[in-house]
Amino acid sequence: MPELPEVETVRRELLPALAGVRIAHVDVRRAGLRRPFPRHFADRLTGATPTALTRRGKFIQVALSTDETLVIHLGMSGAFRIVTPDAPDEDRELRYTHDHVVLTMADGALVVYNDPRRFGVLDLVKAGGLARYAPLSTLGPEPLDAGFDGAALAAACAGKRTPIKVALLDQRVVAGVGNIYASEALHHARISPRRRAGALATPRGAPREAAHVLAGSIKHVLALAIARHERAYRRSPFLVYEREGAACPRRRCEGVIRRITQAGRSTYYCPVCQR
DNA sequence: CCGCTGTCCTGCCAGC
DNA sequence: TGCTGGCAGGACAGCG
């Protein structure tokens, strides 16, 4: 379930299992995911100790004692399962259908990567090469950083003729927003997903009011989602996503949530309060 | 360069 | 019950 909030939650869950614990053994159970795993993948991980876990957009970066970084992207269906050192043997031996990589940590824990659709990425990058690693180096601003604001959003959207919803999915515009939180943020900001992205800026590129509002809404929906996942919510908390036909949740709004298709993806919005 | 479509892969669900 | 088609939270190649 991997947009920025879910990826951040995964990072926090992996942190105590990986950081400072040597990787004792690596079981790579297929040749790759969408692409082959990097050369000598298991050998390069074995014996390494993760020193830090950071997130950039939807990527997790695991810095290793070997001066390489394990770059992780969960794609559509990637997930980690952690089997703690004190788990019973039957849990340790359990193998699920799409368990592709199993890390055995020196403390006995297992860190298992499972990915039915195999759209994920597990890659190794030399420390010096990270800045030039294309998938990361082309990412736009980090939405929860203080530096991300209406001006940054307007600058990234200036001149774009594509609808704002489609622009928000472009990781070069803002990193980490996906199909759910694009709809949620636009609803929070009361902005129609059909509006032209370029309309967030004046012809000279200065931010319009809508850019400030939308930047704030992006921060709000992402931060709230991270907080909810930390408390292990499981019910769907979305206000418009997958709620076609439901009453708009905005107070005193009489609208009904609609689903439309933009650039081949579903968009949910309220045609009454989003303009 | 820009924006749109198709594609990678499996699972699930609605409808027949 | 079983089959089929459509859709799914991502990203990129290839096209006009």
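What you are looking at is a predicted structure, and each value in this text was computed from that prediction instead of being measured. First the proteins, then the strands, lettered A, B, ... as listed; each starts at 1.
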S.K.: Looking at every heavy atom in both A/Val111 and A/Leu18, which two are closest together, and how far apart are they?
M.R.: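 Nearest heavy atoms, A/Val111 then A/Leu18: CG2-CD2, 4.0 Å.
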
S.K.: If the cut-off is 4.0 Å, is A/Arg265 near the phosphate of C/dG9, judged by side-chain N/O to OP1 or OP2?
M.R.: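 Result: yes.
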
S.K.: I want to verify a distance call: between B/dC9, B/dG11, C/dG9, whose nearest atom is closest to the A/His98 side chain?
M.R.: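 So the side chain of A/His98 is nearest to B/dG11.
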
S.K.: Should A/Arg81 and A/Asp99 count as an ion pair when the cut-off is N to O under 4.0 Å?
M.R.: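 A salt bridge is present here (some side-chain N lies under 4.0 Å from a carboxylate O).
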
S.K.: To the nearest Å, give me how far apart OH (A/Tyr96) and P (B/dG11) are.
M.R.: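 Going from A/Tyr96 (OH) to B/dG11 (P), I get 15 Å.
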
S.K.: Can A/Phe119 be called stacked on C/dA11 when the rule is centres closer than 5.5 Å and an angle between planes below 30°?
M.R.: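 No, the aromatic ring of A/Phe119 does not stack with the base.
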
S.K.: Atom CD of A/Glu242 and atom C1' of C/dG9: how far apart are they, to the nearest Å?
M.R.: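 Atom-to-atom, A/Glu242 to C/dG9, this comes out as 9 Å.
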
S.K.: The side chain of A/His73 lies closest to which of these nucleotides: B/dT10, C/dG9, C/dA11?
M.R.: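 Of B/dT10, C/dG9, C/dA11, C/dA11 is nearest to the side chain of A/His73.
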
S.K.: Strictly below 4.0 Å, N to O, side chains only: are A/Lys58 and A/Glu3 in salt-bridge contact?
M.R.: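 No, A/Lys58 and A/Glu3 are not salt-bridged.
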
S.K.: Assign the ring pair A/His220 / A/His188 to parallel, tilted or perpendicular, where the plane angle (0 to 90°) is split at 30° and 60°.
M.R.: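 Taking A/His188 first and then A/His220, their aromatic rings lie parallel (interplane angle under 30°).
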
S.K.: Of the non-hydrogen atoms in A/Asn179 and A/Arg265, which two are nearest, and what is the gap between them?
M.R.: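 The answer is CB-NH2, 3.5 Å.
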
S.K.: How close do A/Leu130 and A/Gln61 get, heavy atom to heavy atom, and via which atoms?
M.R.: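 Scanning both residues completely, I find the closest heavy atoms to be CD2-OE1, 3.5 Å.
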
S.K.: Aromatic rings A/Phe41 and A/Phe37: how do their planes relate, parallel, tilted or perpendicular, breaks at 30° and 60°?
M.R.: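 Because their plane-to-plane angle is under 30°, the rings of A/Phe41 and A/Phe37 count as parallel.
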
S.K.: Can you check the A/Arg118 CZ to C/dA11 P distance for me, whole Å?
M.R.: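 After rounding, the reported distance stands at 18 Å.
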
S.K.: Please give me every residue in residues 160-172 of chain A whose heavy atoms get under 4.0 Å of an atom in DNA chain B, ordered by residue number.
M.R.: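 Residues of residues 160-172 of chain A under 4.0 Å from DNA chain B: A/Lys160, A/Arg161, A/Thr162.
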
S.K.: Restricting to non-hydrogen atoms, name the atom on A/Cys248 and the atom on A/Cys273 that form the minimum distance, rounded to 0.1 Å.
M.R.: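 Result for this residue pair: SG-SG, 3.7 Å.
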
S.K.: Would you mind reading off the distance between A/Asn179 atom CG and C/dC7 atom P, rounded to a whole angstrom?
M.R.: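 Rounded to whole Å, this separation is 13 Å.
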
S.K.: Report yes if a side-chain nitrogen or oxygen of A/Tyr241 is closer than 4.0 Å to either non-bridging phosphate oxygen (OP1 or OP2) of C/dG9; otherwise report no.
M.R.: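 Looking at the OP1 and OP2 atoms of C/dG9, one of them is under 4.0 Å from a side-chain N or O of A/Tyr241.
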
S.K.: For A/Phe238 and C/dG9, what is the distance between atoms CZ and C1' respectively, to the nearest whole Å?
M.R.: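 Spelled out: CZ on A/Phe238 to C1' on C/dG9 is 8 Å.
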
S.K.: When all nucleic acid strands are considered with a 4.0 Å heavy-atom cut-off, which category describes A/Arg34: base, sugar-phosphate, or nothing?
M.R.: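 Here A/Arg34 touches the bases of the nucleic acid.
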
S.K.: Heavy atoms only, 4.0 Å cut-off, all strands: where does A/Gly264 land among base, sugar-phosphate and nothing?
M.R.: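 Answer is nothing: A/Gly264 stays at 4.0 Å or more from every strand.
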
S.K.: Mind listing the closest non-hydrogen atom pair of A/Ile257 and A/Arg243 along with its distance?
M.R.: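 Scanning both residues completely, I find the closest heavy atoms to be CB-O, 3.2 Å.
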
S.K.: Expected output check: what is the dot-bracket annotation of DNA chain B, where ( ) and [ ] are pairs inside the strand (brackets for crossing ones), | is paired with another strand, and pairs are Watson-Crick or G-U under 3.5 Å?
M.R.: .|||||||.|||||||

S.K.: Can you name the nearest heavy-atom pair linking A/Asp149 to A/Ala152, along with the distance?
M.R.: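 What the structure gives for the nearest pair is OD1-N, 2.9 Å.
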
S.K.: Per the atom types in the model, does the base of B/dC9 pair as donor or acceptor with the side chain of A/Arg117 at under 3.5 Å?
M.R.: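 By the distance-only test, yes, there is a pair.
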
S.K.: Please give, in whole Å, the distance from C/dG10 P to A/Arg35 CZ?
M.R.: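 Result: 17 Å.
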
S.K.: Can you check the A/Ile72 CD1 to C/dG10 P distance for me, whole Å?
M.R.: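 To the nearest whole Å, that distance equals 18 Å.
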
S.K.: What distance, rounded to whole Å, do you find between the two P atoms, one in C/dC3 and one in B/dC9?
M.R.: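 24 Å, rounded to whole Å.
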
S.K.: Please report, rounded to the nearest Å, how far the P atom of C/dC12 is from the CG atom of A/Leu136.
M.R.: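 Answer to the nearest Å: 11 Å.
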
